S.K.: 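This is the structure, below, for whatever I ask next.
As the structure is a computational prediction, the values presented were derived from the model and not from experiment.
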Amino acid sequence: HYEISRLQRKIPLLLEGQINESTSSANLQIIKEKTQEIWRQEAFWIKRGNASRYLYDLRQFLSWATQFQEDNADATS
């Protein structure tokens, strides 16, 4: 599924923007848990043949990651 592949390629780029030497351990833990969850969702939904549901979850994750990055950029500014 092209859309899934396209969106998955955005994940490392978003995470790179969020993780640096000033990232708190609490935020690192949140990022880790959310990232692990999206990979679990992929395994779950793709195994069941429901790529559209995984696509929904992936979009939600990317939305969360973008908002999390913006919130934390504001907090460190």
Side-chain angles (χ1 to χ4, degrees):
H1 197 278
Y2 171 76
E3 183 70 3
I4 289 173
S5 296
R6 186 182 72 78
L7 293 176
Q8 284 178 327
R9 285 191 300 273
K10 290 183 175 189
I11 293 172
L13 300 174
L14 276 170
L15 296 180
E16 285 175 18
Q18 294 183 31
I19 299 172
N20 57 51
E21 62 278 349
S22 64
T23 306
S24 72
S25 60
N27 281 351
L28 286 173
Q29 186 62 33
I30 291 168
I31 293 166
K32 177 183 173 184
E33 289 171 3
K34 289 284 194 175
T35 304
Q36 288 173 335
E37 180 62 24
I38 195 60
W39 299 133
R40 282 192 296 269
Q41 290 300 315
E42 177 188 26
F44 181 85
W45 291 115
I46 298 301
K47 182 178 181 179
R48 283 159 181 75
N50 196 343
S52 62
R53 174 53 204 248
Y54 173 62
L55 187 56
Y56 171 82
D57 288 342
L58 184 56
R59 287 181 178 137
Q60 290 297 108
F61 171 82
L62 292 169
S63 177
W64 168 84
T66 301
Q67 187 63 51
F68 189 80
Q69 184 177 32
E70 290 171 5
D71 292 347
N72 286 292
D74 291 344
T76 58
S77 298

S.K.: Calculate, to the nearest 0.5 Å, the distance between atoms CG and CD belonging to N27 and Q18 respectively.
M.R.: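 Between atom CG of N27 and atom CD of Q18 there are 8.5 Å.
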S.K.: Taking side-chain contact (heavy atoms from CB on, under 4.5 Å) as the test, write out the residues that go with S52, two or more places apart.
M.R.: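 Listed in chain order: N50.
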S.K.: Using a 4.5 Å cut-off on heavy atoms from C-beta on, say whether the side chain of L55 contacts that of W45.
M.R.: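 Not in contact.
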S.K.: Which value, rounded to the nearest 0.5 Å, describes the distance between I19 atom CD1 and L14 atom CG?
M.R.: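 So the gap between those two atoms works out to 10.5 Å.
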S.K.: Which pairs pass salt bridge (charged side-chain N to carboxylate O under 4.0 Å, His left out) with one or both residues in residues 43-61, sequence neighbours excluded?
M.R.: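 For residues 43-61, and leaving out neighbouring residues, the salt bridge (charged side-chain N to carboxylate O under 4.0 Å, His left out) pairs sorted by first residue read E3-R59, R53-D57.
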S.K.: Looking only at heavy atoms, what is the nearest atom pair of W64 and I30, with distance?
M.R.: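 Closest approach of W64 to I30: CZ2-CG2, 3.6 Å.
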S.K.: With Y54, which residues qualify under ring pair (Phe, Tyr, Trp, His ring centres under 6.0 Å), at least two apart?
M.R.: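 Once residues adjacent in sequence are excluded, Y54 has no partner under the ring pair (Phe, Tyr, Trp, His ring centres under 6.0 Å) criterion.
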S.K.: Yes or no on side-chain contact (heavy atoms from CB on, under 4.5 Å) for L7 and F61, after CA distance, side-chain angles and deciding distance?
M.R.: CA-CA 10 Å; L7 293 176; F61 171 82; over 6 Å; no
S.K.: For the CD1 atom of I4 and the CD1 atom of I46, what is their distance to the nearest 0.5 Å?
M.R.: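 So the CD1 of I4 and the CD1 of I46 are separated by 4.5 Å.
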S.K.: List for me each residue that meets side chain to side chain donor-acceptor pair (under 3.5 Å) alongside E16, sequence neighbours excluded, and say none if there are none.
M.R.: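 Listed in chain order: nothing, the list is empty.
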S.K.: What pairs with R40 under side-chain contact (heavy atoms from CB on, under 4.5 Å), at least two apart in sequence or on another chain?
M.R.: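 If we apply the side-chain contact (heavy atoms from CB on, under 4.5 Å) test to R40, skipping adjacent residues, the hits are Q36, E37.
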S.K.: Mind checking what makes side-chain contact (heavy atoms from CB on, under 4.5 Å) contact with Q67, not counting sequence neighbours?
M.R.: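 So Q67 forms a side-chain contact (heavy atoms from CB on, under 4.5 Å) with E70, D71.
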S.K.: Roughly how far, to the nearest 0.5 Å, is the CD atom of Q69 from the CG atom of L13?
M.R.: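 L13 CG to Q69 CD: 10.0 Å, rounded to 0.5 Å.
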S.K.: Side-chain heavy atoms nearer than 4.5 Å, only ILVMFWY residues, links allowed to pass through others: does that put L58 and Y56 together?
M.R.: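 No, it is not one cluster - the side chains of L58 and Y56 are not joined through contacts under 4.5 Å.
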